[in-house]
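Some notes on the structure that comes next.
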Number of protein chains: 2
Amino acid sequence: MYEKILDIAEQLFMTQGYQATSTRQITEILGVTQPTIYYHFKKKEDIYYAVMLRLSKDIEQNLTKFVEDPTQQLESKLISMVEFLREKHPFNFFVMMHDVQHSLPKEMTTKLYQLFSSSYKGPFIRLLKENREKLQASVDIEFAVSQLFILMASYLDNTNPKDNISEMIYLYLHGIYKE
Amino acid sequence: MYEKILDIAEQLFMTQGYQATSTRQITEILGVTQPTIYYHFKKKEDIYYAVMLRLSKDIEQNLTKFVEDPTQQLESKLISMVEFLREKHPFNFFVMMHDVQHSLPKEMTTKLYQLFSSSYKGPFIRLLKENREKLQASVDIEFAVSQLFILMASYLDNTNPKDNISEMIYLYLHGIYKE
DNA sequence: GTCTATACCCAGATAGAC
DNA sequence: GTCTATCTGGGTATAGAC
């Protein structure tokens with residue numbers, strides 16, 4: 001049941017957000033009563049943390065594989081990694097970021113942000129550092145990765161009609177300006 | 001009182017979000033009782049719409065002035081416009097986008113998205129179209145403006161430690177890649 | 001482990017007095 | 001126009017039976 005709760009909670013939290021997802025809704029889908037949750041978790045926010053922990057472990061492992069792939073170049077690695085996030089994490093990134101920053105208690109925010117930074121951003125930062133010589137000298141890598149995540153958010157968001165990740169990566173790498 | 005409600009509601013909605021802002025909180029700040037709101041507005045979501053309507057009119061007028069300024073070039077116009085949004089709209093864009101997409105009824109979402117597209121995005125689209133010859137031929141302008149807004153969101157968000165808008169615009173225009 | 005019952009709180013909204 | 005009083009419904013969480 002613990003894992004089942006996480007499965008449903010993951011889906012609901014990531015699509016509707018933390019506040020909009022009630023413990024009742026989770027248990028209704030599972031066909032059990034609402035207090036059942038409180039045998040497995042002490043508080044609602046603990047469910048959120050457990051969901052994020054499970055998710056981020058999986059994400060980090062897989063992203064790292066792409067970074068270490070010796071057969072691919074920077075641009076195609078980036079595309080693969082973003083494609084992977086789209087498949088594995090077909091949620092609205094905005095919802096997640098919003099929750100981490102606004103829907104949860106402060107301490108939880110800190111813990112979640114650390115989790116997110118290492119698992120999600122970490123592999124991208126490593127990738128760009130290993131390709132430092134291909135980047136403009138003035139670029140701040142941590143900043144550049146933040147920007148990429150923001151862009152990705154719009155991509156993994158279904159409100160964006162476009163579906164061409166390589167186009168997004170191209171703009172990210174080369175900008176919109178004619179040289 | 002109507003305008004006063006909008007003033008307070010604007011601030012609360014834009015910082016805390018729609019769901020986290022209660023009618024009680026708004027009226028407490030104003031020093032009146034909670035039902036007072038329902039003399040001026042039929043539903044809570046009507047307050048949100050009125051706030052967005054007032055805000056977006058102001059934003060559109062001002063952004064358009066920058067676009068029409070004959071003394072500035074593309075890059076400095078972009079910087080001015082984003083700076084203006086930061087001053088006038090010192091809110092978390094994510095919060096607003098999250099609300100528009102997830103916290104409000106579907107019909108309202110549509111209305112708000114149209115409002116946002118014309119008032120906020122409109123002037124930027126116009127600016128890029130008027131500078132078409134300076135952009136890479138492959139760039140889709142509507143898409144490029146969407147990307148800019150996403151980037152801006154991270155900028156107007158206080159979680160981003162960096163505070164240099166021109167750096168963001170530079171990356172947006174030129175990308176991170178060494179040519 | 002899951003149930004029933006329920007406490008408690010806070011939300012949006014309405015009725016009707018002043 | 002704003003008030004008091006109140007309805008209704010939703011949420012998280014707990015106690016204790018089975």
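Chain A is the first sequence line, chain B the second, and so forth, proteins listed ahead of strands; every chain is numbered from 1.
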Value for OH (A:Tyr120) from CE (A:Met96), rounded to nearest 0.5 Å, stands at 4.5 Å
For A:Ile29, the side chain to side chain contact (heavy atoms under 4.5 Å, CB included) test, sequence neighbours excluded, returns A:Ile8, A:Leu12
A:Met1 CE to C:dG1 C1', in whole Å, measures 9 Å
query: Within less than 4.0 Å of OP1 or OP2 of D:dG1, is there a side-chain N or O belonging to B:Tyr39?
result: yes
To the nearest angstrom, the CD1-C1' distance between A:Ile47 and D:dA13 comes to 12 Å
A:Ile5 atom CD1 is separated from C:dT2 atom P, nearest whole Å, by 8 Å
Between CG of A:Leu30 and C1' of C:dG1 the distance, given in whole Å, is 14 Å
Hits for ring pair (Phe, Tyr, Trp, His ring centres under 6.0 Å) against A:Tyr177, two or more places apart or cross-chain, chain-then-number order -> B:His174
Residue pairs passing the side chain to side chain donor-acceptor pair (under 3.5 Å) test with at least one member in residues 40-52 of chain A, sequence neighbours excluded, are none
Residues passing the salt bridge (Lys or Arg N to Asp or Glu O under 4.0 Å) test with A:Glu83, sequence neighbours excluded, are A:Arg86
In 5'-to-3' order, the base (B), backbone-only (S) or no-contact (-) status of each nucleotide in nucleotides 4-18 of chain C, using a 4.0 angstrom heavy-atom cut-off, is BB-----BBBB----
Sorted by chain and number, sequence neighbours left out, salt bridge (Lys or Arg N to Asp or Glu O under 4.0 Å) with B:Glu68 holds for B:Arg126
note: A:Asp46, atom CG; D:dA13, atom C1'; distance rounded to Å ~ 13 Å
